[in-house]
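Positions are given from 1 along the sequence. Note that the coordinates shown come from a computational prediction; the quantities given were computed from them, not determined experimentally. Only heavy atoms go into these numbers, but all of them, side chains included; no hydrogens, no water, no symmetry mates.
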Amino acid sequence: MALERTPEPELMDDLEQVRAYAAADFNDSDQAMCERLAELCGGDPGPRLVDLGCGPGNITFHLARRWTDAAVLGLDGAPQMLAVARKRAAIEPELAGRLLFEQALLPLVDPGEWEGAFSMVVSNSLLHHLHEPAVLWQAVAQLAAPGAFVYIQDLRRPSSAEAVEALVVSQTEGAPEVLRRDYRVSLHAAFTVAEVEQQLQHAGLGAQLQVAPRQERYLEVWGRLG
């Protein structure tokens, strides 16, 4: 049975925020994430990939460019973000037929044709946006085909308010204020490695997925679902 849905704290309906994220250059970090994916999954993610919480499509586009034989679906709850992603997709004809964006809210009460359909399930910085993080793990279990590779990257909550401010200063220098503000809120809302391990145990995924800190500000979850 699907969990009762609690609306996410933000669905990117602030146009200033949408414009700031769409204009920001995340290419270096997004490319690094795809290379990390290739390293962990052994290089071949399979034929169908899904990006949960795709936003304006930054990761989704990198997935489609990195694995040119795969179909890639980006899911997000924010129509404004999806409009940006679809506009970008329309000017890249070489991705036509392989790259699709659709609106979906978590939990996926009726995943329909998507259920168990994807050979790789990816999400970047979605976990901390959810009031109830169990909905992400539920969606992962619904969407992943047997043997699918799962990779979740998110912010890791610092140990103190002072550490939060230090990261905001070091990581958002020169960024628009709306992004600095969002980053600060996101760090406070993020989870620790131990908290995510507990979430996975509750979701019945603890034996299949592992969690570890990644660099200064991230944590990552990865593994294959049997």
Side-chain angles (χ1 to χ4, degrees), residues 1-3 29-55 57-76 98-102 104 106-108 110-130 132-156 190-215 218-226:
M1 179 181 295
L3 296 169
S29 60
D30 293 343
Q31 183 62 37
M33 180 175 163
C34 283
E35 294 307 316
R36 176 67 171 160
L37 270 168
E39 173 190 339
L40 291 172
C41 77
D44 182 8
R48 297 194 71 206
L49 320 182
V50 63
D51 178 9
L52 284 169
C54 65
N58 296 332
I59 295 294
T60 324
F61 279 95
H62 277 279
L63 293 172
R65 295 179 187 125
R66 175 67 176 77
W67 287 292
T68 56
D69 293 330
V72 184
L73 173 66
L75 297 181
D76 200 277
R98 293 199 303 111
L99 183 62
L100 183 67
F101 294 96
E102 294 191 21
L106 297 181
L108 299 171
D110 181 14
E113 63 180 307
W114 298 337
E115 189 162 11
F118 296 95
S119 52
M120 177 183 275
V121 181
V122 177
S123 181
N124 180 42
S125 297
L126 175 61
L127 181 59
H128 74 267
H129 283 291
L130 302 175
E132 177 46 74
V135 301
L136 175 61
W137 307 118
Q138 181 188 60
V140 167
Q142 286 175 317
L143 295 174
F149 187 82
V150 173
Y151 183 83
I152 311 295
Q153 178 178 274
D154 212 298
L155 296 173
R156 184 171 78 252
F191 297 98
T192 65
V193 169
E195 287 168 340
V196 174
E197 287 175 337
Q198 187 175 46
Q199 293 169 18
L200 293 175
Q201 291 298 326
H202 288 163
L205 299 173
Q208 301 173 78
L209 301 179
Q210 54 186 306
V211 192
R214 172 102 176 134
Q215 300 174 334
Y218 297 114
L219 59 76
E220 59 182 9
V221 183
W222 75 95
R224 290 196 181 274
L225 297 189

Student: Is W114 close to E102 at the side-chain level, that is, under 4.5 Å between some pair of heavy atoms?
Tutor: yes
Student: Under 3.5 Å, which donor-acceptor pairs do the side chains of residues 38-53 form with other protein atoms, sequence neighbours left out?
Tutor:
from	atom 1	to	atom 2	distance (Å)
E39	OE2	R36	NH1	2.9
D44	OD1	G46	N	3.1
D51	OD2	T60	N	3.3
D51	OD2	T60	OG1	2.7

Student: Side chains of Y151 and E220, heavy atoms from C-beta outward: is any pair under 4.5 Å?
Tutor: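 Result yes, sub-4.5 Å side-chain heavy-atom pair found.
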Student: Find the distance between CD (E195) and CG (L200) and round it off to the nearest 0.5 Å.
Tutor: 12.0 Å
Student: If you round to the nearest 0.5 Å, how far is CG of L136 from NE2 of H129?
Tutor: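 That separation rounds to 12.0 Å.
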Student: Do you know which two heavy atoms are closest between Q201 and G206, and how far apart they sit?
Tutor: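 For Q201 versus G206, the nearest heavy atoms are NE2-CA, 3.5 Å.
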Student: Side chains of R66 and L37: does their closest heavy-atom pair fall under 4.5 Å?
Tutor: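 Of all side-chain heavy-atom pairs linking L37 with R66, none is under 4.5 Å.
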Student: Could you give the distance from CG (L73) to CZ (F118), rounded to the nearest 0.5 Å?
Tutor: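 Separation between the atoms: 4.5 Å.
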Student: Where do V135 and P107 come nearest, in terms of heavy atoms and distance?
Tutor: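 Nearest heavy atoms, V135 then P107: CG1-CD, 3.9 Å.
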Student: Is there a donor-acceptor contact under 3.5 Å from the side chain of R98 to the main chain of V72?
Tutor: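 A pair under 3.5 Å: no.
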Student: For L225 and Q208, work out which heavy atoms get closest and say how close.
Tutor: CA-OE1, 3.2 Å
Student: Heavy atoms, side chains only, cut-off 4.5 Å: are F191 and V211 in contact?
Tutor: no
Student: Less than 4.5 Å apart, side chain to side chain, heavy atoms only: is that true for L63 and C34?
Tutor: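 In short, these two side chains touch, coming nearer than 4.5 Å.
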Student: Please report the C-alpha distance between L155 and Y218 in whole Å, then the side-chain angles of each, then the deciding distance to 0.1 Å, and finally whether the side-chain contact (heavy atoms from CB on, under 4.5 Å) criterion is met.
Tutor: CA-CA 4 Å; L155 296 173; Y218 297 114; 4.0 Å; yes
Student: List the residues meeting salt bridge (Lys or Arg N to Asp or Glu O under 4.0 Å) with R224, not counting sequence neighbours, and say none if there are none.
Tutor: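 Testing R224 for salt bridge (Lys or Arg N to Asp or Glu O under 4.0 Å), a comparison that skips the adjacent residues, returns none.
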Student: Can you name the closest pair of heavy atoms from D154 and L126 and give their distance?
Tutor: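 So the minimum-distance heavy-atom pair works out to OD2-N, 3.2 Å.
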Student: Do you know the tightest heavy-atom contact between R156 and A190?
Tutor: C-CB, 4.0 Å
Student: Could you verify whether a donor N or O on one side chain and an acceptor N or O on the other, from Q31 and E35, lie under 3.5 Å apart?
Tutor: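 Yes - a donor-acceptor pair under 3.5 Å links their side chains.
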Student: Could you state the interatomic distance from CG (L209) to CD (Q199), rounded to the nearest 0.5 Å?
Tutor: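 Nearest 0.5 Å value for the CG-CD distance: 12.0 Å.
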Student: Grab the two heavy atoms, one from L106 and one from A139, that are nearest each other, plus how far apart they are.
Tutor: CD2-CB, 3.8 Å
Student: Side-chain contact test, heavy atoms from C-beta onward, threshold under 4.5 Å: evaluate it for I152 versus V140 and give yes or no.
Tutor: yes
Student: Just do the side-chain contact (heavy atoms from CB on, under 4.5 Å) check on M33 and Q153 with the steps written out, would you?
Tutor: CA-CA 8 Å; M33 180 175 163; Q153 178 178 274; 4.0 Å; yes
Student: When you look at V196 and W137, which way does the side-chain contact (heavy atoms from CB on, under 4.5 Å) test go after all the steps?
Tutor: CA-CA 10 Å; V196 174; W137 307 118; 4.0 Å; yes
